[in-house]
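Each chain gets a letter, A, B and so on, in the order the sequences are listed, and its residues count up from 1.
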Amino acid sequence: MPELPEVEAWRATMERWLVGRSIAAVHLVDSAVIRPKLSTRPSDGWDQAQSWASSLVGSSVKGTARVGKRMGLQLGEGWVLVHLGMTGRFVRDPEPPRFARIGLDVGDHVVWFADQRRFGCLVPLQGRDALCVGLGPDALDAALDGEGLAAALPGRRAVKTALLDQARIAGLGNIHAAEALWRAGIAPATPCATLDALGWRSLAAAIREQLAEAVEAIPPGEDFVYVTEGGDNPFAVYGREGEPCPRCAEAITRVVQGGRSTFWCPGCQRPGGVAVQG
DNA sequence: TACATTGTTCCGTC
DNA sequence: CGACGGAACAATGT
């Protein structure tokens, strides 16, 4: 379940694997991975997919970008948006891996986009600017200080739900939204409109710290395996229903908001937040 | 089998 | 009509 940190890691990986190389061949394993728009579905189909893929041959990869959870690749004069969905990842191997959707042969190796659940996709774009359409500011945007965050998240909605709204702030998913709220000591059901300046400042700082730590926790230059599968759970509250809060020892609770699980600590997360500790 | 996961969209309600 | 909540949808492993 890639959020901003994982997408950023993949972007950096694509910088190393692809940028500066010329595309010798494209292997379109599943043409439904190419979509005319982000909102179209695999079953909708798109008759231009194959011709777009073919048109890439001979062009070179010139750069990468990331906005929120979207990655961009500059291929020739155009750009392509890559959305990882739930299970999208990249594999560098001569042979297509399981669930391979498309492969870019850049001469010295082949880079495959593999996606078991097929929620991920590639969307050809006119230019780099199109990467940002429909998105609020990136979650690591310097403008998102306390005041900027308050302006981005107006209304009576629960702050957890609002943090997941990519049109308001781009890059947070279910895990890092919950972790940031725990860091800030803010209860997830708190209506945005009831947060004061101190609450917004702590939340803005918590988001920045949460994402920065997650980015740094991913070893540069390596593939990574999502940590909740098998290994130790590195999160304070996510996936820890019933376990003691690492800050106050109260039992972590799970509630459903907007159809999604929210993990939080009723002991030290309060409406409006608590004073930042330490 | 039912359920869990995500981002997006659609629809009903206030 | 805007805001918001809830449900549906995509795919598939458990």
Side-chain angles (χ1 to χ4, degrees), chain A residues 1-10 29-46 49 66-72 81-89 97-102 113-123 125 130-139 150-180 187-195 211 214 225-231 233 235 237-242 254-263:
Chain A
M1 291 146 272
E3 302 184 22
L4 186 154
E6 293 81 11
V7 178
E8 176 57 25
W10 281 124
V29 182
D30 173 15
S31 67
V33 75
I34 315 291
R35 319 258 178 93
K37 294 189 304 181
L38 254 183
S39 55
T40 54
R41 294 172 172 169
S43 55
D44 293 338
W46 189 40
R66 183 195 57 76
V67 182
K69 307 180 198 179
R70 298 179 187 172
M71 182 168 81
L81 180 161
V82 181
H83 199 286
L84 300 177
M86 279 183 65
T87 53
R89 65 197 178 96
R98 195 146 139 82
F99 308 120
R101 303 298 167 196
I102 188 172
F113 176 65
D115 181 22
Q116 178 184 121
R117 292 282 199 270
R118 298 178 86 209
F119 291 1
C121 61
L122 274 62
V123 182
L125 302 179
L131 201 59
C132 315
V133 170
L135 293 185
D138 187 85
L153 305 179
R156 308 182 305 266
R157 311 156 82 185
V159 62
K160 159 68 163 32
T161 308
L163 286 173
L164 296 182
D165 184 346
Q166 304 297 300
R168 292 296 181 173
I169 170 174
L172 288 174
N174 204 34
I175 295 175
H176 293 304
E179 293 293 305
T190 306
C192 290
T194 66
L195 281 170
L211 293 177
V225 177
Y226 203 62
V227 275
T228 51
E229 298 165 10
N233 178 351
F235 304 115
V237 289
Y238 185 83
R240 294 195 182 278
E241 182 178 16
R254 185 179 76 92
V255 296
V256 175
Q257 292 180 290
R260 271 138 182 81
S261 293
T262 298
F263 297 90

(request) Using only side-chain N and O atoms of A:Thr161, determine if any of them is under 4.0 Å from OP1 or OP2 of C:dG5. (result)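 No, outside the criterion.
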
(request) Give every residue pair that meets the salt bridge (charged side-chain N to carboxylate O under 4.0 Å, His left out) criterion with at least one member in residues 159-171 of chain A, sequence neighbours excluded. (result)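 As it turns out, the salt bridge (charged side-chain N to carboxylate O under 4.0 Å, His left out) pairs with a partner in residues 159-171 of chain A, which skip direct neighbours, are A:Arg157-A:Asp165.
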
(request) Please report the closest heavy-atom contact between A:Trp10 and A:Arg89, naming both atoms and the distance. (result)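 Closest pair (atom of A:Trp10, atom of A:Arg89, distance): CZ2-CB, 3.7 Å.
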
(message) Tell me the closest heavy-atom pair linking A:Ala178 and A:Phe263, and the distance in Å.
(response)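 Scanning both residues, the minimum pair turns out to be CB-O, 3.8 Å.
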
(message) I need the A:Phe235 CZ to A:His176 NE2 distance, nearest 0.5 Å.
(response)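 The NE2 atom of A:His176 is 5.0 Å from CZ of A:Phe235, to the nearest 0.5 Å.
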
Take the protein atom [atom1] of [X] and the nucleotide atom [atom2] of [N], then report the distance between them rounded to whole Å.
X	N	atom1	atom2	value
A:Arg156	B:dT13	CZ	C1'	12 Å
A:Gln166	B:dT8	CD	P	6 Å
A:Arg168	C:dA3	CZ	P	7 Å
A:Asp165	C:dA3	CG	P	11 Å
A:Glu6	B:dT6	CD	P	12 Å
A:Gln257	C:dC4	CD	P	14 Å

(request) Would you indicate whether the side-chain heavy atoms of A:Arg35 and A:Leu122 approach each other to under 4.5 Å? (result)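 No - every pair of side-chain heavy atoms lies 4.5 Å or more apart.
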
(message) Once side chain to side chain contact (heavy atoms under 4.5 Å, CB included) is applied, do any residues pair with A:Val255, and if so which ones, sequence neighbours excluded?
(response)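 Per chain and number, A:Val255 pairs via side chain to side chain contact (heavy atoms under 4.5 Å, CB included) with A:Thr253, A:Gln257, A:Thr262, A:Trp264.
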
(message) Return a single string for nucleotides 7-14 of chain C, one symbol per nucleotide in 5' to 3' order, where B is base contact, S is sugar-phosphate-only contact and - is none, cutoff 4.0 angstrom on heavy atoms.
(response) --BBBBS-

(request) Would you mind classifying the nucleic acid contact of A:Asp115 as base, sugar-phosphate or nothing, using non-hydrogen atoms under 4.0 angstrom? (result)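 Result for A:Asp115 = nothing.
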
